[in-house]
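Take a look at the structure set out below.
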Amino acid sequence: MTTTLPTELPADAPIVAPDVTLASLSDEVSERILTNRTPRWWWVGFGLSFTLFMVLPIAMAWLFINGIGVWGVNIPVAWGLALAEYVWWIALASGGTIVSALFFLTGSPWRSATNRIAESMLLSAIPCAGLMPIMHLGRPGLFYWLFPYSSVMGVWPQVRSPLWWDFICIICYMLMSMMYYYAGLIPDLATVRDAAKSRIKKIFYGILALGWRGSVREWQNQRTVYAIMSAIMAPMVISVHSVVGLDFAGGLTPGWHDTQFPPYFFFGAVISGTALIIMLTILVRWGYSLQNVLTEYHLNAMAKVMLVGSLMLAYAYVWEAFGPIYGSDVADKTEFMHRVFGFTSPAFWSEKTLTVLVPQLLWIPFVRRNQALLLAISTGVIVGMWQERFVFTTSATEHNYIPSYWGVYFPTVWDWATLAGTIGLFLTLFFLFLRFIPIVSIAEVREIVHKENGK
Amino acid sequence: MTTLYGVLAVFDTPEAATKAAVYLRESGFRRFEAYTPFPVEPLNRVVRPGPKWFLPILMFVVSVLGAGYGYFIQYWDEALNYPINVGGRPHNSWPAFMVGTFEFMLLVTIAAGLFGMLAASSLPKLYHPLFTSRFFERASRDRFILCVKASDPIFDSKDVEEAFGQLGAEHIEEIRA
Amino acid sequence: MAIFGPRANLFMNTALLALGSALVFMLLAVWVVPVMGYNTQDRYAPNQPVPFSHRHHVSGLGLDCRYCHTAVEKSANAGMPSTAICMTCHSQIWTNAKMLAPDRQSLAKNIPIRWTRVYTLPDYVFFDHSIHIAKGVGCTECHGPIGDMALTWKANTLYMSWCLSCHRDPAPHLRPKDQVFNPHWQRTRSTPSGKALMAAFHIHTKALSDCGVCHR
Amino acid sequence: MSAPGRTYWQTLEEIADSPEFAAAVAREAPRFKDVMHGFDRRRFLQLMAASIALGGLSGCGPESNPRQLLPYVREPENVVPGHDRFFATAVTQSGYGTGELVTHQMARPIKVEGNPEHPASLGAASAIMQASILQLYDPRRAQLVVGNGQIATWETFVPVLYNRRGTLLDRKGDGLRILTGAVTSPFLTSQIAALKQQFPQMQWHQWEPLHRDAEMAADTKMFGQPVDKLYDLGKAERILGIGSDLISAAPGWLAYARHFAAARRPTETHGKMSRVYAIESTPTLLGAKADHRLPLRPDEIDRALRYLAGQVGAGPQDWAKQTNLPTQWLKALADDLQQNKGKVLVHAGREQPAEIHLLANAINNSLGAFGQTVNFISPVEQANGSKQQSLAELTHNMDAGKVDTLLILGANPIYDAPADLHFATALKRVPFSVSLALYDDETALASTWRIPATHEYEAWSDTRAFDGTVTIQQPQTRPLYGGRSAHALLAILLGQPEQDDYALVHAFWQKQAQQQNRGDFKQFWYDSVRSGVVAGTAAKPLSVQPSSDVLSHLPQPDAAKSNTLEALFRPDEGLWDGRYADNPWLLEMSRPFTRLTWDNAALIAPATAKRLKLATHDVVEIAVGATKVKAPVFVLPGQAGDCITLPLGWGRSAGGLGVGAGFSAYPLRGSEHPWRVPIAGLSKTGETYRLASVQGQDRVLGRDLIREGTLQQFNDNPDSLKKKSKDESLYPPYDYPDRAWAMAIDLNSCIGCQACTIACQAENNVPIVGKDQVLDQRIMHWLRIDRYYSGPADTPDVAFEPMPCMHCEDAPCEVVCPVHATVHDHEGLNLMVYNRCVGTRFCSNNCPYKVRRFNFFAYASRNDRPDASWNPEVTVRERGVMEKCTYCIQRIRTTQIAANRDNRPIKDGEIVTACQQSCPTQAIIFGDKNDRESAVVKRKDTPLDYVLLDELNTKPRTSYSALIHNRNPAIKNEQA
């Protein structure tokens with residue numbers, strides 16, 4: 001699927017600006033987080049995000065006090081917005097791992113500067129995803145019954161259930177991502193520690209850096225392990241999203257019961273994840289004015305990934321239609337017709353447009369370099385993917401096997417509040433990463449600087 | 001007066017550092033380390049920081065154990081502890097157990113990797129004699145540092161400092177611990 | 001110049017050690033806490049309006065369980081003795097014992113005595129005394145040495161795992177039919193083996209641990 | 001999980017020593033009456049409050065706040081705590097009684113079953129009968145005696161009435177009027193007769209909004225005397241229903257439905273099957289089951305019947321020359337009927353005008369139905385005159401000021417009297433009016449005195465069934481809300497010292513027994529009360545002389561007037577005439593055709609709706625004369641063109657829960673047009689109104705849900721409907737050696753009466769959710785009856801399909817549950833362990849049959865019904881857990897435990913599910929699939945047996961028998 005990309009550099013876009021030196025690189029990046037004068041744009045961004053985030057506790061409180069009934073879910077449509085958003089968030093998160101792990105393996109040079117952004121995004125997105133399945137439980141307090149632990153009931157989880165696979169995947173994915181993140185972060189923490197002037201910061205980053213000295217031995221171990229970790233994270237992220245796909249494909253509901261959904265979901269992850277990274281990269285470039293490190297080369301490369309993603313998605317969409325139309329299952333047919341012409345069809349069509357048609361613009365080099373356009377397209381992709389998850393989740397159960405029990409699903413205000421709240425949570429976390437973590441992987445870029453600029 | 005830990009020399013390019021390291025090795029030094037802002041491949045060959053295969057093997061072994069445990073706990077749950085007829089599926093539905101097995105395997109492998117790495121690099125170590133040198137901070141910025149330990153059998157501070165001088169070290173310093 | 005003195009390493013390692021052991025401890029807690037006496041209410045013996053002593057009535061006077069718990073062989077509920085039953089004797093003896101005032105009042109005012117539950121099953125568990133009696137499960141299997149309790153105390157956790165342990169392997173908990181109500185029964189050489197008893201009572205364990213046996 | 005039912009149970013099991021308990025026991029079992037105590041309602045309610053308080057303390061783990069045990073003071077005999085006990089009695093509907101057995105847990109009535117020994121029940125119980133148990137407990141029932149707006153007591157009321165008696169005696173009862181519903185009770189009649197002697201001038205009136213005046217009139221005309229007809233459906237091979245309520249509402253319909261279905265199971269009747277025709281304006285259950293159904297406007301029906309009469313020689317020949325009728329269809333029908341002389345039954349519903357009944361009688365007569373399929377008895381109702389006249393006279397006397405004392409016993413004329421009588425204004429003229437009512441209804445509120453009435457389960461009385469059989473009704477509990485019975489009230493007027501209804505009824509029957517010299521009265525009384533049937537009281541057949549020339553002076557049929565709208569009034573399937581409008585179960589019961597809950601609607605045929613540009617949910621204003629009524633439209637396939645059916649019984653303005661639900665059609669209903677009235681104007685208001693129908697799509701859309709064929713097909717090749725189902729599976733098969741519970745449902749028998757749905761609701765503590773939640777598609781019924789149409793929208797075939805849990809052997813729901821909350825047991829039951837459920841709802845998504853229900857809110861605790869009314873054998877489900885049909889596992893377990901106790905095998909039919917027990921047509925059979933002799937296996941072995949969505953290979957334990965139509969080859973149009 002995601003094979004190597006053309007690594008040849010466009011003449012007009014060097015991978016790092018020629019004026020970057022080892023010293024300037026370290027100083028600039030660490031200065032951004034060591035400075036005592038927090039930039040105004042950060043405060044504004046953080047403030048807005050946090051306010052939005054505050055919607056979440058309210059929504060959750062209301063939900064837990066009154067019960068799942070405050071959402072629009074019903075029988076037959078027992079899964080609603082929460083599950084759709086869960087898939088959506090997981091997809092965004094997975095994008096982070098894809099960029100940092102997959103392209104580490106493919107040795108794409110542009111990955112070095114962006115992987116920290118990608119992984120910070122991933123770590124900010126996972127909590128949002130993880131919250132959803134727990135909130136949507138009828139008795140959320142009992143979610144821990146999914147843990148394989150010895151209870152006085154003598155009953156253990158039912159490990160054949162895709163939901164259980166999912167639960168395990170999310171937990172493993174979260175822990176593994178953190179460790180992967182940290183393994184790559186230690187050298188940079190050391191850099192910041194050494195660059196720090198104030199005692200507090202020295203201690204803070206000193207402890208985090210665990211006394212990293214950059215000895216040959218440390219480097220060798222770190223690089224060996226990091227490589228293997230990447231080799232593990234790549235299949236990991238694919239499995240995670242395939243399992244999310246199995247939550248649906250595992251059942252026999254018409255419209256869900258389809259072998260293609262694991263890859264289908266993964267393709268979605270590739271494109272939406274990349275789209276979000278592009279948006280954030282542009283934000284960081286602009287906010288931290290790191291244009292010389294995060295060059296157009298990176299945007300260009302990621303735009304290409306997004307393009308490939310949209311092509312893969314197009315392929316999946318073809319199969320989504322082929323199955324029901326070519327197959328003999330009446331229920332599948334009617335369900336698909338509902339998806340295409342039913343009352344959610346506007347979402348269906350706009351989703352296809354935003355995720356497949358519009359990204360085709362990226363064939364044009366100019367578009368790939370134009371930040372405004374990239375921003376627009378990426379936003380479109382993310383919105384489109386949200387619609388896709390929504391239509392996918394609800395339309396299937398609406399038109400199930402028993403016509404007399406067909407139904408419809410309307411999200412309530414509390415469904416939307418949950419969405420808003422999690423977006424707030426995501427941004428809040430990401431802004432915190434921006435402020436306290438070197439947002440560019442200094443150690444890795446150093447090599448490139450050394451190779452390119454020789455100093 | 002505290003004991004001597006070693007002698008430290010600062011070079012401004014990886015090449016210079018490597019040259020120096022090669023010299024040290026040829027002149028019979030064994031206990032010296034290099035500190036660089038980014039991994040410098042040639043130095044590995046000179047400094048010989050220990051076996052490269054250890055961590056991969058460790059992670060592999062752990063992953064095998066993890067997979068085994070991951071499968072067993074599921075098998076125990078469904079087939080041994082409380083065998084219940086779930087939708088007519090066999091008690092040992094191994095295809096269904098694969099996901100759990102796989103995820104758990106990866107989890108423990110990564111963990112083994114991270115902690116193995118720290119252990120193998122004997123981290124965390126917040127205090128190290130080298131940190132006492134104000135020049136050492138640049139090892140994480142733009143300088144390449146060599147340090148010969150006093151514990152080296154043929155160590156003699158005079159000779160070492162002299163040698164470093166000839167090798168074009170920017171700065172030479174004795175580190176005391 | 002270093003911010004961390006040589007002692008820092010020591011601190012760091014101790015901190016890590018503490019963190020690690022804390023994690024292990026929390027994991028253990030998952031196993032330990034539920035079986036602590038506080039949670040199992042082991043030997044929980046609430047005060048009762050009348051300090052009724054099984055030791056006195058059963059071991060002392062040799063009353064049969066069924067004399068008071070009339071429904072135990074017929075019904076899901078063992079049946080709490082009515083005031084009238086107490087009064088069959090206590091209208092003759094200890095007729096003005098202070099201790100028995102509540103009984104006399106209850107009978108006179110026709111108001112029930114309010115005992116405090118010692119064993120409480122959650123509402124979604126449907127336990128049936130009669131079938132256990134019929135299949136040779138003695139009272140003491142669940143109620144402990146009830147015959148020797150001065151004040152009734154809770155002898156078992158009533159945890160599901162506890163129920164299951166017997167439902168999966170009843171043999172060791174069975175006794176001959178005529179010994180079911182014997183509070184001091186001991187397995188002797190002459191008692192038939194658990195296997196034999198299972199056969200005699202037609203107990204088939206296969207379906208005994210089905211969820212639907214207790215949960216409806 | 002907190003379960004009021006169980007909590008109450010656990011505390012009440014011992015509470016039950018309290019005086020009211022002993023009293024109740026005494027009440028239920030006459031031979032304990034010596035143990036009777038006085039009863040104090042306040043104490044009872046206190047106890048209830050206590051139990052509710054305790055309800056919160058339940059749950060697992062340590063009891064922070066331990067519960068109490070309250071043993072008996074004195075143990076009553078024969079009460080084993082935890083054992084069910086059954087007490088026979090009867091409930092009446094518009095006077096006619098149906099026998100039933102009420103299940104008691106610790107002296108608490110919790111469930112109503114049919115009484116197999118009673119001719120009107122034969123073991124079945126209608127939805128309305130079963131819902132009566134909820135009405136008994138309804139906290140919204142009237143609880144206060146109110147006189148002239150002042151809260152009073154019974155004790156203050158008695159002297160008032162007694163003094164009045166004095167003055168009345170002086171004027172020989174002039175000005176005294178009694179208004180009742182239809183009365184079959186021998187004792188009540190005798191009381192009124194006694195009154196008549198004391199007060200010669202007094203008048204007794206009856207009013208039943210759903211009266212059978214037309215039929216009575218026609219019969220009187222035909223036979224020279226009033227008669228009740230009994231139908232022998234075993235003999236009837238050709239049945240013609242004219243707007244017939246034969247298997248839906250007619251007195252004795254449960255029994256008729258049983259025999260009707262028995263004659264329509266080709267697998268059991270060796271390929272023979274009755275053929276049913278239906279001519280009707282609005283769909284009836286009989287029409288739904290008919291092999292040929294012809295929707296016609298009332299005026300068309302009139303002409304169609306004359307045509308038939310002409311054809312079969314019951315009427316003038318020239319009638320056979322009708323035009324603009326589907327004569328081809330009618331001709332075929334006529335021939336078919338004539339070829340089966342003596343085996344024909346023509347039945348017209350109570351809503352049909354007298355002419356139709358006369359025509360039906362005439363056709364029956366000339367086809368030799370009388371004495372064969374139709375038999376006669378003298379009317380069961382004591383006063384069988386025209387209810388309408390009776391009420392009219394009363395009202396006129398009231399207007400004329402001739403009435404100064406009016407006792408209204410269980411009637412609600414202000415709500416349901418013909419609008420043109422203006423009963424309300426008339427009532428204002430009556431200085432002293434007493435209303436004895438179950439609820440503070442419209443009439444009660446307008447009377448000068450209102451007395452809370454006893455529920456039929458709270459007092460002694462007697463009643464007669466459709467065939468005359470008498471049942472002595474025994475109370476199931478002391479009055480919960482201080483009600484008084486009609487008997488007690490009349491006793492006072494009779495000047496008898498106040499005695500309770502037990503003494504009265506007992507004395508009355510003692511006298512009866514002597515007159516009928518029944519021998520030892522103690523024994524007679526015991527047997528009668530115990531069995532719920534007074535032996536040998538079924539009415540003797542009546543020999544009558546049908547006059548042959550009734551048709552000659554039949555008024556000319558009104559000319560065909562198409563495109564002029566008519567309103568038709570019909571009883572509601574659940575609320576009847578409105579007297580059950582406060583019953584939550586009946587309000588939320590989905591109506592067989594519309595699948596509507598919590599509302600009635602103006603039912604309009606698709607074609608007519610198209611013409612008038614109306615759609616479901618539109619609100620229209622229907623004008624009749626000067627009166628206007630707003631009603632939401634519901635487009636109903638199978639409805640005849642140009643007529644709009646308005647179900648009665650809704651739109652109550654006073655009473656209980658039913659207030660405000662639906663609209664009332666009574667204002668449009670006048671004296672001269674009780675059942676159909678021309679609509680002066682129908683205008684679209686532009687508003688819309690959300691109707692809560694639980695039916696998604698009307699058709700099966702190509703899925704193999706309803707398998708149907710013709711009798712022809714079946715007889716030619718019985719296996720023609722079998723589909724090759726392959727038993728390939730990747731999984732090693734589980735074997736179920738000991739027992740394998742299974743269910744078989746016969747689509748031929750199911751008449752869609754909803755009895756099973758309510759039975760399930762009552763047995764399994766299924767909560768109601770309210771209209772809003774139904775609109776959100778969160779209704780909780782474990783067992784629903786899906787309704788599918790096939791064929792053209794205006795004349796569709798209707799199929800009813802009960803949908804319980806299929807208990808699939810390879811259940812899709814179980815595999816996706818992450819916590820083992822739904823699993824299989826060794827007898828193949830698909831278990832739902834509520835207390836393990838965390839509420840992922842994946843099981844529901846993955847259930848192809850959509851039979852799983854979810855507690856989106858804490859519905860059970862939201863239902864304001866006393867804890868005493870829940871079934872203690874079933875967990876009351878908490879918020880956030882999934883639930884579904886369990887094949888009544890509590891009944892299986894109880895029987896199994898009993899059997900295991902004395903090591904005996906379980907006999908086939910020993911375990912009966914609630915739905916099966918209540919089903920009037922025995923459409924549902926439950927049993928052990930491994931027992932080759934069991935009834936369920938016998939049915940599953942028939943060639944018609946099939947499972948739903950076979951292709952999914954879920955291996956359901958619930959299977960269905962395909963639908964078989966006995967088509968008349970002479971009728972080409974398959975649908976008509």
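We use all heavy atoms of the structure for the numbers below, so side chains are in, but hydrogens, waters and symmetry mates are not. We name chains A, B, ... by the order of the sequence lines, and we start the count at 1 in each one.
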Handout entry: Residue part contacting chain D, namely of A:T253, when any heavy atom lies under 4.5 Å
Key = both
Practice task
Answer yes if the side chains of D:E878 and D:Y859 hold a donor-acceptor pair under 3.5 Å, and no otherwise.
Solution key: no
Problem - Proximity breakdown for D:P848 and chain A, heavy-atom pairs closer than 4.5 Å - result: both
Handout entry: Pair D:K771 + D:E588, salt bridge at N-O below 4.0 Å
Key = no
Exercise for the section: Decide yes or no for D:R841 and A:H136: does some side-chain heavy atom of the first lie under 4.5 Å from some side-chain heavy atom of the second? Expected result: yes
Fill in the blank from the handout: Interface check, chain D: of A:S404, A:G251, A:P76, most non-hydrogen pairs under 4.5 Å belong to A:S404
Fill in the blank from the handout: Max heavy-atom pairs within cutoff under 4.5 Å with chain D, candidates A:L137, A:L142, A:L146, A:V77, goes to A:L137
Handout entry: salt_bridge(D:E883, D:R877) N-O dist < 4.0 Å
Key = yes
Exercise for the section: Pick one of side chain, backbone, both or neither for A:V73, based on which atoms fall under 4.5 Å of a heavy atom in chain D. Expected result: both
Exercise for the section: Pick one of side chain, backbone, both or neither for D:S844, based on which atoms fall under 4.5 Å of a heavy atom in chain A. Expected result: side chain
Exercise for the section: Tell me, out of D:R784, D:E801, D:M882, D:R787, who's got the most heavy-atom pairs with chain A below 4.5 Å. Expected result: D:R784
Exercise for the section: State plainly whether the residues D:R778 and D:D772 are in salt-bridge range, i.e. N to O under 4.0 Å. Expected result: no
Completion exercise
Note: vs chain A, highest number of non-hydrogen pairs under 4.5 angstrom among D:N846, D:N845, D:T954 is D:N845
Problem - Member of A:F343, A:W406, A:Y405 meeting the ring-ring contact (aromatic ring centres under 6.0 Å, His included) criterion with A:H399 - result: A:W406
Practice task
Indicate whether the side chain of A:T422 and that of A:E85 have a donor and an acceptor atom separated by less than 3.5 Å.
Solution key: no
Problem - Pairing of D:E809 and D:R957 as salt bridge, 4.0 angstrom limit - result: yes
Exercise for the section: Would you give the length of the straight line joining atom CH2 of A:W386 to atom CG of A:L81, rounded to the nearest 0.5 angstrom? Expected result: 4.5 Å
Problem - Proximity breakdown for D:D776 and chain A, heavy-atom pairs closer than 4.5 Å - result: backbone
Handout entry: chain A contacts, top residue of D:Q773, D:R703, D:K850 (heavy-atom pairs, under 4.5 Å)
Key = D:R703
Practice task
Select one option (side chain, backbone, both, neither) describing which atoms of D:L701 are under 4.5 Å from chain A's heavy atoms.
Solution key: both
Problem - Atom group of A:V408 that falls short of 4.5 Å from chain D, counting heavy atoms - result: both
Problem - Contact class of D:V816 relative to chain A, heavy atoms under 4.5 angstrom - result: both
Completion exercise
Bottom line for D:V694: the part with an atom under 4.5 Å from chain A's heavy atoms is backbone
Fill in the blank from the handout: Max heavy-atom pairs within cutoff under 4.5 Å with chain D, candidates A:V330, A:V70, A:V155, goes to A:V155
Practice task
Against chain A, label D:E814 side chain, backbone, both or neither, depending on which of its atoms sit under 4.5 Å from a heavy atom there.
Solution key: backbone
Fill in the blank from the handout: Answer key: most heavy-atom pairs under 4.5 Å with chain A among D:T840, D:D786, D:L949, D:N855 is D:T840
Problem - Test applied, ring-ring contact (aromatic ring centres under 6.0 Å, His included); reference residue, A:W79; option that passes from A:F390, A:W256, A:Y409, A:Y86 - result: A:W256
Fill in the blank from the handout: Assert top hit (heavy-atom pairs under 4.5 Å, partner chain A, pool D:V700, D:I779, D:L952, D:L948) equals D:L952
Handout entry: Donor + acceptor pair across side chains of A:S395, A:R339 (<3.5 Å)
Key = yes
Exercise for the section: Determine yes or no for a side-chain-to-main-chain donor-acceptor pair under 3.5 angstrom, with D:T958 supplying the side chain and D:C805 the backbone. Expected result: yes
Problem - Top of A:W156, A:W164, A:W71 for chain D proximity - count of heavy-atom pairs under 4.5 angstrom - result: A:W156
Problem - chain A contact via D:R699 - side chain, backbone, both or neither, heavy atoms under 4.5 Å - result: backbone
